[in-house]
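Working notes, structure below.
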Amino acid sequence: MRIVFMGTPEFAVPSLEALISGEDEVVGVFTQPDRPKGRGNKMTPSPVKACAAAHGIPVFQPERIRRDGVEDLKTLAPDLCVTAAFGQILSQEVLDIPTYGNINVHASLLPRHRGSAPIAYAILQGEEKAGVTTMMMDKGIDTGDMLLKAETEIGETETCGELTERLSRLGAELLMETIRQLKAGTLQRIPQNEAEMTYDPMMNKEMGQVDFDRPARLVKGQINGLNPWPCASVMVGDERIKLMRAARTEGAGRPGEVLVSDPKGGLVIACGEGAVKVLELQAPGGKKMRAEDYLRGHEIKAGTVL
RNA sequence: CGCGGGGUGGAGCAGUUUGGCAGCUCGUCGGGCUCAUAACCCGGAGGUCGGGGGUUCAAGUCCCUCCCCCGCAA
């Protein structure tokens with residue numbers, strides 16, 4: 001089969017690599033245009049572009065594929081399109097091009113967590129399981145029929161970045177199994193139950209402000225789920241401290257009250273229900289570090305309410 | 001040349017403004033106390049102050065230069 005791959009961030013790379021080492025031919029890759037990034041605003045290619053280029057696969061970077069990528073895609077004459085976190089909406093015209101349609105690798109247990117940040121939201125909402133779903137794309141956003149699913153447990157202190165990495169590999173395996181079954185003709189299309197669907201809005205920095213009135217399960221979810229971006233944070237004196245990793249723990253007090261704060265006991269903060277132990281944090285200008293290390297050189301008085 | 005913060009014993013920091021003895025918390029090593037402890041007391045080891053050059057009687061501190069780390073904005 002001639003396969004065209006569409007994807008952009010690190011999450012998509014394992015799927016692309018799996019396809020490349022598979023028996024089918026990846027004839028082209030679509031990804032988002034290079035963007036100015038990081039210090040110095042250097043133009044940076046997407047991880048998918050870097051991967052494709054390393055394998056000598058033609059790369060296409062239309063600003064909008066449904067507007068100025070259609071002809072290129074037609075020319076590639078794909079039998080199948082595979083998308084994984086591409087970041088652009090496909091029009092019906094684009095969807096109609098590949099013979100066998102478009103398979104999408106989505107990082108949630110659909111129909112829950114449609115949208116662009118499914119992994120973060122699963123953690124954010126304090127859920128215990130996450131997963132990946134392969135699906136046939138249709139015109140809606142993550143609304144197409146489901147094909148295969150794989151699930152995994154979310155670790156107590158697992159961050160969005162870490163879970164993303166795991167799911168990207170799980171997704172690549174599931175994608176290859178999906179294609180095997182597609183060829184074998186054993187694939188079942190399962191419509192999504194609209195009554196159970198949830199759609200997550202895009203993330204932004206405002207979501208990072210920690211509200212300790214909420215139960216520890218959700219405060220912990222917010223801290224772990226927003227790492228590495230946009231990150232949960234709290235003002236300590238006049239500094240905004242990013243909270244990078246946390247776990248639930250024993251303890252009670254006024255919401256936001258610092259219950260423990262020293263290099264041995266770490267940093268424990270009371271929530272509306274229960275308490276959280278901050279495991280990693282990051283001060284302005286500094287590196288991410290363990291809370292115990294931070295407290296060797298900075299004081300947060302126990303009893304302070306954050 | 002997008003904006004900004006930072007590099008000081010093993011860890012985290014102060015000291016740089018105004019040049020003048022290498023400081024704090026923790027860890028570590030030895031000793032003591034205690035039924036006991038992440039507690040407490042006493043003592044010790046450990047630092048080319050990111051690299052190089054310059055100014056000076058004297059540089060962590062001032063000047064020039066290079067390297068590395070981080071945040072913001074995109």
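Treat the numbers as computed from the prediction; the structure is a model and nothing was measured. Naming convention: chains lettered A, B, ... in sequence-line order (proteins, then strands); numbering from 1 in each chain.
- To the nearest whole angstrom, the two P atoms, one in B/U25 and one in B/C41, are 11 Å apart.
- A/W229 places its CH2 atom 14 Å from the P atom of B/G71, with the value rounded to the nearest Å.
- Between B/U25, B/C70, B/A74, one nucleotide has an atom nearer to the side chain of A/K287 than all others, and that is B/C70.
- In the set B/C26, B/A73, B/G71, B/C26 carries the atom at the smallest distance from any side-chain atom of A/P263.
- Using a 4.0 Å heavy-atom distance criterion, A/E292 is classed as making no nucleic acid contact.
- Of all the heavy atoms in A/P284 and A/I241, the pair that sits closest is CD-CD1, 4.1 Å.
- Nucleic acid contact for A/K288: none, since no nucleic acid atom lies under 4.0 Å from a heavy atom of the residue.
- Nucleotide B/U16 has no partner under the Watson-Crick or G-U criteria, as no pair reaches both atom distances under 3.5 Å.
- Look at NE2 on A/H298: it is 13 Å from C1' on B/A11, rounded to the nearest Å.
- Nucleotide B/C62 has B/G54 as its partner under the Watson-Crick or G-U criteria, with both atom distances under 3.5 Å.
- Using a 4.0 Å heavy-atom distance criterion, A/D293 is classed as a sugar-phosphate-only contact.
- If you check B/U25 for Watson-Crick or wobble pairing at under 3.5 angstrom, you find it paired to B/A11.
- Of the candidates B/G27, B/G71, B/A74, the closest approach to any side-chain atom of A/K37 belongs to B/A74.
- With contacts defined as side-chain heavy-atom distances shorter than 4.5 Å, the pair A/E17/A/C51 qualifies.
- When each of B/A74, B/A73, B/C70 is scored by its nearest atom to the side-chain atoms of A/P36, the top-ranked nucleotide is B/A74.
- When Watson-Crick and G-U wobble pairs are counted only if both distances are under 3.5 Å, B/G4 pairs with B/C70.
- No side-chain donor from either of A/S46 and A/T8 sits under 3.5 Å from a side-chain acceptor of the other.
- Among the heavy atoms of the strands lying under 4.0 Å from A/G40 is at least one base atom, whether or not backbone atoms are also near.
- In the set B/U25, B/A38, B/C13, the nucleotide with an atom closest to the side chain of A/M289 is B/C13.
- Rounded to the nearest Å, the gap between the C1' atom of B/G30 and that of B/C24 is 23 Å.
- Remark: the A/R39 side chain and the B/G71 base include a donor-acceptor N/O pair separated by less than 3.5 Å.
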